[in-house]
Amino acid sequence: MEKKLIIIDGNSIANRAFYALPLLTNNEGLYTNAVYGFTMMLMRILEEEKPTHVLVAFDAGKVTFRTEGYKDYKGTRQKTPGELSAQFPLMKELLDAFSIAHYELPGYEADDIIGTMSAQAEANGYSTLIVSGDKDMLQLVSDRTKVALTRKGISETELYSPQEIMDKYQLTPVQIIDLKGLMGDTSDNIPGIPGVGEKTALKLLHEFGTVEDVLAHASEVKGKKLQEKIAAHADDARMSKELATILREAPLAITLENTAYAAYVAEKVAPVFERFAFKSLLERLGMNEAEANESGAASGEEIAYVTITEANRDEWGAKLVSPMAVVVEVDGDNYHGAPVLGIGIAGEDVRLYVPFAEMNWPTLTDWLADSAQKKWVYDAKRSQVALAWQNITLEGICFDAMLASYVSNPSETNHQLSDIAARYQMGLPSDEAVYGKGAKRSIPDEDKLGLHIVRKADAVYRLHDRMEQAMKEESVCELFYDLELPLATVLGDMEKRGVQVERARLDEMGRVLLEKLSSLTVGIYELAGVEFNINSPKQLGEILFDKLQLPVYKKTKTGYSTSADVLEKLEHTHEIIPLILEFRQLGKLQSTYIEGLKKEIRPDTSKIHTSFNQAVTATGRLSSTEPNLQNIPIRLEEGRRIRQAFVPSEPGWYILSADYSQIELRILAHIARDENLIKAFQEGADIHTRTAADVFGVAQEDVTSLMRRQAKAVNFGIVYGISDYGLSQNLNITRKQAAEFIERYFAVFQGVKRYMETSVLEAKKAGYVTTLLSRRRYLPDINSRNFNLRSFAERTAMNTPIQGTAADIIKLAMVNMAKRMEEAQLASRMLLQVHDELIFEVPEHELDVMCRLVPEVMESALVLDVPLKVDVNYGPSWYEAK
DNA sequence: TGGATCACG
DNA sequence: ACGTACGTGATCCAC
């Protein structure tokens with residue numbers, strides 16, 4: 001049998017896992033997240049690869065032969081956090097239980113152990129797989145040795161053979177060393193040649209081959225500047241290459257034979273999993289055993305529960321107490337008017353399953369409607385709205401596992417109950433496992449369904465204390481209890497209420513669009529000389545750039561870019577371009593907004609019921625789906641008319657819209673404590689004009705519209721985490737000009753500059769940034785050695801406190817507004833939220849009071865060093881409420 | 001299922 | 001110099 005060796009870069013994988021997962025602890029308070037992630041990865045690799053030999057290599061301490069030669073090596077690297085370094089002994093303990101070899105060697109890095117071992121394996125005819133998160137490993141790749149690099153945390157890996165490296169870099173594996181020698185690596189403090197990045201380095205290597213060749217042919221290099229730099233830093237390059245070279249003959253005291261691996265023994269591993277509280281992994285061990293024994297016993301059937309029937313419900317009605325976990329199981333993703341499959345209820349030692357047929361049970365419905373009876377739920381809004389469609393009231397929700405998971409980590413994209421449970425080492429089958437997915441989706445028989453729903457309720461019940469504890473440690477309890485949870489109810493009411501849309505209006509617009517589109521199509525075919533699918537970027541690209549030979553400004557991975565900004569540059573090169581631009585614009589209106597919206601109108605009520613997603617964005621904003629009512633056109637008049645179809649649901653009422661003016665820049669002024677910006681807002685200045693005057697050094701009266709437009713773009717850029725390149729793209733100016741704008745901006749708004757710097761620094765130190773209401777976003781890549789990832793995290797560190805605080809503020813305003821409307825017994829209704837704007841429908845006699853109340857509540861939601869300003873407008877449709 | 005494109009703040 | 005603006009969702013095409 002062929003021998004197959006797996007070498008795992010222990011430090012690298014543990015690091016990835018540590019930053020990818022929340023700080024889990026076992027009951028002794030040991031941190032286990034890195035070990036957990038490492039173990040998941042390990043088990044997956046063992047299963048998939050079925051190796052005959054396994055070795056995990058670790059770094060040993062700080063001093064290596066590299067630091068001796070070059071004292072600044074890894075000098076910029078931040079210290080390993082204590083929470084992580086404490087986990088290395090645990091990992092080794094675990095590997096011992098698996099009977100997997102691990103090794104470290106004082107004076108050498110894990111890289112060198114891996115390099116040496118893989119060289120030996122190669123010489124002995126093994127095939128080897130190296131698992132790491134470190135791109136440097138690619139230099140070890142050969143026909144017999146492959147490298148799997150982790151992607152997106154640790155859940156995915158990307159496999160590299162010589163061919164993949166050639167495809168991606170047009171380099172041989174050995175040239176990876178030369179690549180690093182030329183470009184250096186800031187995270188390891190390897191200098192390289194200043195001014196040479198990946199692009200330039202690749203170009204040089206494609207031309208000359210190696211660092212030595214580049215240095216020898218320095219005089220042939222194109223570009224005078226570059227020549228000089230190469231000549232001046234030849235020694236740096238040589239040293240950098242040396243530092244980047246992984247040793248392949250380290251004096252290892254371990255041999256290939258020592259790494260032999262046979263299947264692990266579950267009984268030996270289980271106690272360690274037990275100690276670390278890896279419950280889901282324990283189950284996985286159990287499952288493997290079960291499979292081996294062919295016993296097929298499904299885990300988790302030990303959960304006992306009672307199915308409510310007419311016969312037993314009197315007995316069990318008395319067990320409905322406070323608090324209990326309630327899971328409302330809804331069929332399908334869209335819960336508006338959707339079937340409710342049943343309700344699961346779990347308490348300390350009561351577990352009930354109420355099938356749909358038994359839901360008409362007064363004891364239950366009274367209990368559900370009783371706000372004094374506390375309920376812990378998963379996805380409060382879904383539960384509330386789905387029941388509301390069945391005319392069942394759900395009140396008294398005081399915990400929501402989905403929202404708790406979200407406030408604990410808004411970057412996490414998956415807040416399914418089964419995944420939350422897994423994070424807390426509880427086993428819970430996923431909905432997908434129970435119902436299947438896609439075409440195979442079906443509702444299982446009553447027994448299985450009941451068990452699943454009850455297990456979910458039970459999981460929510462057991463999660464409550466632990467998730468609350470986690471929220472306390474993260475200082476997000478107030479955010480959860482005072483903001484997100486009450487907001488869920490407000491949003492649920494808005495969704496259930498819906499917004500009226502006039503189908504006839506959309507029909508009419510659709511007819512007009514259809515005519516215009518077909519005449520555009522004819523014109524485009526004529527000019528192209530051939531019929532093709534204008535909606536296909538591929539076909540369109542071929543027509544424009546191959547057939548018509550228009551200049552290519554930009555390419556995408558898959559071919560030519562045909563995006564609007566490219567087409568606009570080509571506007572005057574061919575008469576087909578304006579037609580295509582208009583076709584695109586109208587086509588979008590037709591498919592997304594006319595046809596798309598019509599599909600969502602309920603025929604019986606003429607209403608659209610969107611779903612606001614309260615747990616998707618990383619910043620704390622809401623999103624809206626099925627349909628998305630947060631991106632209804634407004635910028636162009638043709639699209640804006642779509643809003644004429646959005647009307648009040650009662651005759652004689654009005655649509656009222658109230659939006660925050662410049663809320664993000666006001667927040668920036670506040671958190672940056674920038675005197676200049678604060679003063680501008682306090683004086684009620686037009687902020688873009690003022691910025692233009694300050695940046696261009698002219699009087700406000702002398703600001704031209706171009707200057708104002710540019711200043712506006714700079715202001716946007718500032719909020720997004722400015723970069724000269726981004727600004728230059730946006731304004732269609734050179735990068736140098738963009739850089740100058742930014743420099744001048746920072747000279748004027750020094751507080752903003754200081755904020756940008758400190759925000760990034762604090763994120764690097766703490767690992768996260770926060771909003772004014774303590775919403776927290778973790779930035780695991782903020783110290784990454786990957787420039788892209790790190791830069792992205794840095795911009796996020798600047799932007800998230802601003803965008804997130806704006807989200808906090810409008811959410812607060814919504815909760816307050818709902819309360820004030822209720823107290824004042826107003827008939828007016830809140831319908832929609834569009835990030836900085838609230839939309840209401842208002843009876844004529846309440847227009848006065850609403851025009852006063854809405855701005856008052858919105859402006860006072862949170863008191864800042866600058867005033868918040870809200871503009872209000874109303875009209876017979878959303879179109880006129882501008 | 002993922003990429004390209006485009007609608008919004 | 002490295003490569004980009006921040007945050008979303010829907011539609012269409014092509015694999």
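The chains referred to below are lettered A, B, ... by the order of the sequence lines, with proteins before strands, and numbering in each begins at 1. What's counted below: heavy atoms across the whole structure, side chains too, no hydrogens, waters or symmetry copies.
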Hunt down any stem DNA chain C takes part in, defined as 3 or more consecutive Watson-Crick or G-U pairs whose two distances are each under 3.5 Å. B:1-9 with C:6-14
Over all strands shown, is A/Val834 touching base, sugar-phosphate only, or nothing at heavy-atom distances under 4.0 angstrom? sugar-phosphate
With a non-hydrogen cut-off below 4.0 angstrom, is A/Glu837 in contact with a base, only sugar-phosphate, or nothing? nothing
Using a 4.0 Å heavy-atom cut-off across all strands, classify A/Asn533 as base, sugar-phosphate, or nothing. sugar-phosphate
5'-most contact on DNA chain C: A/Ala201 or A/Gly726, nearest heavy atom basis? A/Ala201
Given C/dA5, C/dG3, B/dC8, which nucleotide is nearest the side-chain atoms of A/Ile722? C/dA5
Measure CG/A/Leu586 against C1'/B/dC6 and give the value in whole Å, please. 13 Å
Shortest side-chain distance from A/Asn628, nucleotide among B/dC6, C/dT4, C/dA10: C/dA10
Have a look at A/Leu622 and say if it touches a base, only the backbone sugar-phosphate, or nothing, with a 4.0 Å heavy-atom cut-off. nothing
Taking atom P in both C/dG3 and B/dC6, compute the distance separating them and give it to the nearest angstrom. 24 Å
Closest heavy-atom pair, A/Ala861 versus A/Ile809, reported as atoms and distance to 0.1 Å, is CB-O, 3.7 Å
Protein-nucleotide distance (A/Phe583, atom CZ; C/dT11, atom C1'), rounded to Å: 13 Å
Classify the nucleic acid contact of A/Arg735 as base, sugar-phosphate or nothing, counting any heavy atom under 4.0 Å across all strands shown. base
Using the side-chain heavy atoms of A/Arg635, tell me which of these nucleotides is nearest: B/dG9, C/dA14, C/dG3. B/dG9
Quick one: label A/Ser791 by what it contacts on the DNA or RNA (base, sugar-phosphate, nothing), any heavy atom closer than 4.0 Å. nothing
Report which part of the nucleic acid A/Ser561 touches: base, sugar-phosphate, or nothing (heavy-atom distance under 4.0 Å, all strands). sugar-phosphate
Counting only side-chain heavy atoms from C-beta out, which of B/dT5, C/dG9, B/dG9 sits nearest to A/Asp836? B/dG9
Let's see if you can work this out: which of B/dA4, C/dA10, C/dC2 has an atom nearest to the side-chain heavy atoms of A/Lys557? B/dA4
What is the separation between atom CD on A/Glu600 and atom P on C/dG9, rounded to the nearest whole Å? 15 Å
May I ask you to decide if the ring planes of A/Trp878 and A/Phe646 are parallel, tilted or perpendicular, using 30° and 60° as cut-offs? perpendicular
With sugar-phosphate meaning primed atoms plus P, OP1 and OP2, does A/Asn535 contact a base, only sugar-phosphate, or nothing at under 4.0 Å between heavy atoms? sugar-phosphate
Round to a whole Å and report the spacing from CG of A/Asn799 to P of C/dT4. 17 Å
Rounded off to whole Å, could you give me the CD-to-P distance for the A/Gln630 and C/dT8 pair? 12 Å
Would you classify A/Ala618 as touching base, sugar-phosphate or nothing, given that sugar-phosphate means primed atoms plus P, OP1 and OP2, and contacts are heavy atoms under 4.0 Å? sugar-phosphate
So what does A/Glu664 hit on the nucleic acid, given a heavy-atom distance under 4.0 Å: a base, only sugar-phosphate, or nothing? nothing
Listed nucleotide nearest any side-chain atom of A/Ala713, set B/dA7, C/dG7, C/dA5: C/dA5
For the C1' atoms, the ones on C/dC2 and on B/dA7, what distance do you get once it is rounded to whole angstrom? 32 Å
So A/Ile632, base contact, sugar-phosphate only, or nothing? Heavy-atom distance under 4.0 Å. sugar-phosphate
Rounded to the nearest Å, what distance is computed from the CG atom of residue A/Asp808 to the P atom of nucleotide C/dG7? 16 Å
Shortest side-chain distance from A/Ser563, nucleotide among C/dG7, B/dC6, C/dC12: B/dC6
From the options B/dA7, B/dG3, C/dT4, select the nucleotide whose nearest atom is closest to the side chain of A/Thr558. B/dG3
Would you indicate which nucleotide in B/dC6, C/dG7, C/dG3 comes nearest to any side-chain atom of A/Phe787? C/dG3
In terms of side-chain heavy atoms of A/Arg795, which of C/dC15, C/dC6, B/dC8 is nearest? C/dC6
Looking at every strand, decide which applies to A/Gly717 at a 4.0 Å heavy-atom threshold: base, sugar-phosphate, or nothing. base
Quick one: are A/Phe545 and A/Leu570 in side-chain contact, heavy atoms under 4.5 Å? yes
